[in-house]
A.B. asks: 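Have a look at this one.
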2 protein chains.
Amino acid sequence: MAARCRERGLPVTPQRRAVLRALSARRDHPTAEQVHAAASARLPGMTRATVYRVLDALEAMGVVRRVDHAGAAARYEVDSGPHHHLVCVGCGRIADLHEPALESLSLPASRARGFVVKEYSIQFRGLCSGCRKQQRSRK
Amino acid sequence: MAARCRERGLPVTPQRRAVLRALSARRDHPTAEQVHAAASARLPGMTRATVYRVLDALEAMGVVRRVDHAGAAARYEVDSGPHHHLVCVGCGRIADLHEPALESLSLPASRARGFVVKEYSIQFRGLCSGCRKQQRSRK
DNA sequence: TTGTATGCAAAAGGTTTGCAATGAT
DNA sequence: ATCATTGCAAACCTTTTGCATACAA
């Protein structure tokens, strides 16, 4: 991580180290609040705001990832049977993808470790044609 | 939907109809706020709170689905390359699933409609062994 | 020394809840 | 008549932001 900071000319602060250590130490997927609790145990006085800013910075560096791509607000759809989603990272739009070939993926039991799958859905992330055009013309 | 309400002895209210109509009329995946705007155009006076309650009710009936399984708070993980997630619907825990066989899915170009996929991840929903035990013993 | 990060506190969404009144069956 | 639902308003939780200060390089 220090490397990635240097690449970008960004300072390596104790807070960044603390957040990354806290996150590396766990296998579950903690919330910002949980990261704050863990990190501020080692570095008392850290603010929640700092944790959010550090997580954003680390995400931008590609060190950390936000799971549950929870935009600010939840999205709804009429339940139309199993299908997947195309999510445009440019504009945030979500389109449905009905693709029978993707409805029968098998999850090796050996990997499931006692986990019983009831359903699954795939989230494809990329750029819609509109956002691609925009990006091209901007260059 | 009227049918599902009756099954459960729940009233079919104008608000429920308005929300479902609003949601059925769109293919994008509107936020609760957008649903509220659309529904209250037809049924002035509807509150945002009602929209949330109606969406919850419809989801419980299996008529509507919440995309962006945005729990209240975002979750983070250290970026460890491509992998998928096992999400327990019982306790909300998320586990990583590294499964090489699932890393080379192909999305038929014909279906993508100009959408260029950069990456994807699969979310398997089900019950972890702990929650399964609990559920069994409760019966 | 310079530019970025931090703490603090306040604001800004999004969502939930208590309560009295309304309404569906 | 009965029980769930609605509206209203306030509360709640998570995340973001402005500003002055502190700090890494």
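Residue numbering restarts at 1 for every chain, and letters A, B, ... go by the order of the sequence lines. Values in this document were obtained by computation on a predicted structure and should not be read as measured data.
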A.B. asks: Report the distance from atom NE2 of B:H36 to atom P of D:dC8, rounded to the nearest whole Å.
C.D. replies: 10 Å
A.B. asks: Distance check needed: C:dA12 C1' versus A:R48 CZ, whole Å only.
C.D. replies: 16 Å
A.B. asks: Taking atom types as modelled, is there a side-chain donor on A:E99 or A:H83 under 3.5 Å from an acceptor on the other?
C.D. replies: no
A.B. asks: Would you please indicate yes or no on a ring centroid separation below 6.0 angstrom for A:H29 and B:H85?
C.D. replies: yes
A.B. asks: Which nucleotide sits closest to the side chain of B:V12: C:dT25, C:dT6, D:dT6?
C.D. replies: C:dT25
A.B. asks: For C:dG7, take OP1 and OP2 only and decide whether either is under 4.0 Å from a side-chain N or O of A:T50.
C.D. replies: yes
A.B. asks: Rounded to whole angstrom units, what separation is found between the CZ atom of B:R16 and the P atom of C:dG23?
C.D. replies: 15 Å
A.B. asks: Check every atom of C:dG7, C:dT16, C:dT4 against the side chain of A:L10 and return the nucleotide holding the closest atom.
C.D. replies: C:dT4
A.B. asks: Given that B:E33 and B:P14 both sit by DNA chain C, which one's nearest nucleotide is further toward the 5' end?
C.D. replies: B:E33
A.B. asks: Between A:T47 and C:dG7, is there a side-chain N or O to OP1/OP2 distance below 4.0 Å?
C.D. replies: yes
A.B. asks: D:dG7 C1' sits how many Å from B:L43 CG, rounded?
C.D. replies: 12 Å
A.B. asks: With heavy atoms under 4.0 Å as the rule, sort A:A49 into base, sugar-phosphate or nothing.
C.D. replies: base
A.B. asks: Expressed as a whole number of angstroms, how long is the span from B:L55:CG to D:dT5:P?
C.D. replies: 14 Å
A.B. asks: Measure CZ/B:R4 against P/C:dA24 and give the value in whole Å, please.
C.D. replies: 22 Å
A.B. asks: Can you list the steps and then say if A:E33 with A:R48 is a salt bridge (charged side-chain N to carboxylate O under 4.0 Å, His left out)?
C.D. replies: CA-CA 7 Å; A:E33 173 61 39; A:R48 251 174 295 274; 3.1 Å; yes
A.B. asks: So, is B:Q15 near the phosphate of D:dT6, with a side-chain N or O under 4.0 Å from OP1 or OP2?
C.D. replies: yes
A.B. asks: Check this one for me: any side-chain N or O of B:T31 less than 4.0 Å away from OP1 or OP2 of C:dG14?
C.D. replies: no
A.B. asks: When clusters are formed by joining ILVMFWY residues with side-chain heavy atoms under 4.5 Å apart, either directly or through shared neighbours, do A:F124 and A:L127 land in the same one?
C.D. replies: no
A.B. asks: Using a cut-off of 4.0 Å on non-hydrogen atoms, how would the nucleic acid contact of B:G9 be classed: base, sugar-phosphate, or nothing?
C.D. replies: nothing
A.B. asks: Among the nucleotides D:dG7, C:dC8, C:dT16, which one has an atom lying closest to any side-chain atom of B:D56?
C.D. replies: C:dT16
A.B. asks: Can you tell me how far C1' of D:dA4 sits from CE of B:M61, to the nearest Å?
C.D. replies: 11 Å
A.B. asks: Let's test your reading of the model: under 3.5 Å, does the base of D:dG7 pair with the side chain of B:R53 as donor and acceptor?
C.D. replies: yes
A.B. asks: How long is the line joining OH of B:Y52 and C1' of D:dA9, in whole Å?
C.D. replies: 16 Å
A.B. asks: Which nucleotide in the list D:dT14, C:dA24, C:dT15 gets nearest to the side chain of B:P11?
C.D. replies: C:dA24
A.B. asks: Can you name the nearest heavy-atom pair linking A:A60 to A:R8, along with the distance?
C.D. replies: O-NH1, 3.3 Å
